[in-house]
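We count ligands from 1, going down the list as the structure has it; atoms in each ligand are counted the same way. Note that the coordinates shown come from a computational prediction; the quantities given were computed from them, not determined experimentally. These numbers come from the heavy atoms of this one structure, side chains and all, not from hydrogens, waters or symmetry mates.
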Amino acid sequence: MIRPPSFAYRRIVSSAVRHPERELFCDAVPLAGLAEEYGTPLYVYSALAIRTRLSAFDAAFRGIRHTVCYSVKANSSLAILRLVARAGHGFDIVSGGELERVLWASPRSASRIVFSGVGKTRDEITRALRAGILLFNVESASELRVLAETAERFNRQARVAIRVNPDLPAKTHPYISTGLRHHKFGVPIPDAERLYAEAARHPALRVAGVSVHIGSQISDVRSFAAAIERVASFVVRLRRAGHSIHYVDGGGGLAIPYNGSRPDFRRQFSAYARAVSRPLRGLGVHLLLEPGRAIVGPAGVLLTRVLYRKTNGGRRFLIVDAAMNDLIRPTLYGAQHEIVPVRLTHAGAARGEKTDVVGPICETGDFFARRIHLPGIPEGALLAILDTGAYGASLGSNLNSRLKPPEILVDGRSARRIRRRERAGDLIRLESL
Ligand SMILES: *Cc1c(COP(=O)(O)O)cnc(C)c1O
């Protein structure tokens with residue numbers, strides 16, 4: 001059986017080339033062939049990698065009652081949502097659009113959905129109530145009141161967890177750190193107690209759990225342990241006050257390596273599971289987990305072709321056909337994705353050079369990498385931007401009226417297009433003159 005890492009070089013035998021060549025594959029499928037067939041830029045995902053990471057994540061938590069609720073915002077492709085549902089997992093959503101996506105991909109998953117987010121609208125809450133989701137992670141007193149009113153009006157009972165703000169720092173990019181007191185997320189623990197009392201009094205609400213999410217791309221598992229410790233002692237206090245706390249939602253946020261190192265993800269998942277589970281020992285809670293990036297991040301690449309080479313003021317540029325509208329992480333978070341040639345030739349490897357990899361958009365911020373070392377890459381060559389399965393396509397836009405790229409899901413030897421390339425007509429479909 002083919003095992004992840006799903007993206008690996010394989011030697012190709014060809015009498016046409018003098019030097020031995022190696023080519024990047026996604027499982028059993030050569031990426032160059034996909035680029036040929038579907039054009040570039042192109043997102044390619046490995047179903048095998050997603051399934052393997054999901055089951056490894058799930059297995060890491062076998063010591064505690066739990067449900068994995070995949071965070072839809074990391075990659076919300078219907079085909080990937082269906083894959084996650086078929087593997088038996090639930091979902092964490094943050095908008096009405098994500099709710100529709102999950103219901104579209106897997107109508108029966110409604111009862112395994114948790115709804116997070118600081119700004120749920122009445123419409124979104126109504127739709128989620130009607131669908132019968134598992135849990136609302138409520139983030140303010142006002143939201144709790146709106147939820148109660150809405151549930152009452154539609155004659156439903158909403159299961160509620162208050163998302164607490166543990167006031168703990170998490171070492172990550174400031175834009176994706178969410179657990180400090182001055183962040184907009186969650187409710188400070190001292191205030192949350194009052195909200196539980198309020199929820200318990202309301203017949204349309206059922207207190208069911210406590211939730212926490214301290215941010216994303218967090219590699220030090222001690223941050224998670226610290227947050228869960230605060231949650232655990234809060235659970236004890238809430239129970240003493242007579243609340244029935246069945247669920248603890250530990251959120252998501254586990255980091256993946258972007259620097260090309262490939263540590264054993266099973267060990268990483270286990271260390272994370274230990275950190276999160278240990279503070280809950282003896283509480284008998286059902287743990288909910290909301291991983292996104294850790295499941296799909298390493299399972300995707302963005303393929304792009306070099307359009308032009310140029311040198312400006314002594315600086316070398318590779319201008320590629322993908323741009324920040326396809327992958328904004330380098331621009332937005334200073335993310336450094338590894339970039340590798342799809343074809344490794346002996347001749348190219350000898351001539352290494354320092355270069356920037358940039359897109360065609362009219363912004364200096366439109367770059368994928370700066371001053372990275374690459375073998376000599378000719379115009380027309382294919383590059384793969386690695387670890388782009390999470391927050392790649394899902395953060396894509398039509399900036400500069402660029403057409404969003406197609407997405408391909410590889411499953412072993414077969415490849416399936418799960419989203420077609422946008423056409424000019426898609427751009428103007430919703431507009432009128
Ligand atoms: C973004 C988010 C997640 C997923 O974060 P990852 O870093 O992708 O694991 C989980 N829960 C909530 C509430 C989120 O906002």
Side-chain angles (χ1 to χ4, degrees), residues 50 53-54 56-58 60-61 66-77 80-81 84 89-95 97-99 102 112-120 124 128 133-140 143 161-166 170-180 183-187 209-221 223-224 227-228 231 247-258 265 268-269 272-273 275-276 287-300 329 332-333 335 387-395:
I50 296 171
R53 297 182 74 87
L54 264 175
F57 193 92
D58 197 37
F61 284 91
H66 70 277
T67 303
V68 174
C69 295
Y70 165 71
S71 175
V72 173
K73 75 180 194 283
N75 187 317
S76 50
S77 291
I80 287 176
L81 300 183
V84 171
H89 306 293
F91 298 91
D92 167 51
I93 60 165
V94 291
S95 76
E98 287 188 352
L99 174 63
V102 172
R112 290 168 165 253
I113 293 175
V114 300
F115 196 170
S116 307
V118 288
K120 304 175 193 77
E124 288 175 321
I133 68 164
L134 176 65
L135 190 65
F136 287 86
N137 286 333
V138 170
E139 304 216 18
S140 66
E143 183 194 337
I162 306 292
R163 173 170 169 182
V164 297
N165 181 318
K171 225 170 75 194
T172 184
H173 190 280
Y175 291 0
I176 49 175
S177 168
T178 61
L180 279 173
H183 292 149
K184 68 180 175 184
F185 298 97
V187 177
V210 180
S211 85
V212 71
H213 172 74
I214 55 172
S216 195
Q217 187 56 15
I218 297 164
S219 43
D220 188 347
V221 299
S223 302
F224 296 108
I228 298 291
V231 167
Y247 295 105
V248 163
D249 183 341
L254 186 61
I256 62 166
Y258 282 105
F265 60 87
Q268 186 209 11
F269 290 175
Y272 171 70
V276 172
L287 179 60
L288 302 172
L289 299 146
E290 306 171 347
R293 188 193 309 270
I295 302 301
V296 290
R329 298 195 67 262
L332 192 57
Y333 308 119
D387 303 310
T388 45
Y391 307 107
S394 67
L395 265 67

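- The shortest N/O to N/O separation between Glu290 and ligand 1 falls below 3.5 Å.
- Shortest contact from atom 4 (C) of ligand 1 to any protein heavy atom: Ser71 OG, 3.2 Å.
- The distance between the ring centers of Tyr333 and His173 falls below 6.0 angstrom.
- The salt bridge (charged side-chain N to carboxylate O under 4.0 Å, His left out) with Glu139 is formed by just one residue from the set Lys184, Lys120, Arg163; it is Arg163.
- Relative ring orientation between Phe61 and Tyr272 is described as perpendicular, the plane-to-plane angle rising above 60° on a 0-90° scale split at 30° and 60°.
- Checking only distances, Val94 never comes within under 3.5 Å of ligand 1, N or O to N or O.
- Nearest non-hydrogen protein atom to atom 15 (O) of ligand 1 is Lys73 NZ, 2.7 Å.
- Checking Ser116 against Asn137 by side-chain atom types alone, a donor-acceptor pair falls below 3.5 Å.
- Polar contact check, Gly253 against ligand 1: a nitrogen or oxygen pair lies under 3.5 Å apart.
- From the protein, the heavy atom lying nearest to atom 8 (O) of ligand 1 is Tyr391 OH, 2.6 Å.
- The distance criterion of under 3.5 Å between nitrogen or oxygen atoms is not met by Arg163 with respect to ligand 1.
- Residue Ser216 has at least one nitrogen or oxygen atom sitting less than 3.5 Å from a nitrogen or oxygen atom of ligand 1, judged on distance alone.
- Checked options Leu287, Asp92, Val84, Asp58; the residue passing with Val68 is Asp58 (criterion: side chain to side chain contact (heavy atoms under 4.5 Å, CB included)).
- Look at Ala390 and you'll find every heavy atom at least 4.0 Å from all atoms of ligand 1.
- Contacts with ligand 1 closer than 4.0 Å are made by side-chain heavy atoms of His213 only, the backbone lying farther away.
- Separating the NZ atom in Lys171 from the CG atom in Asp220 is a distance of 6.5 Å, to the nearest 0.5 Å.
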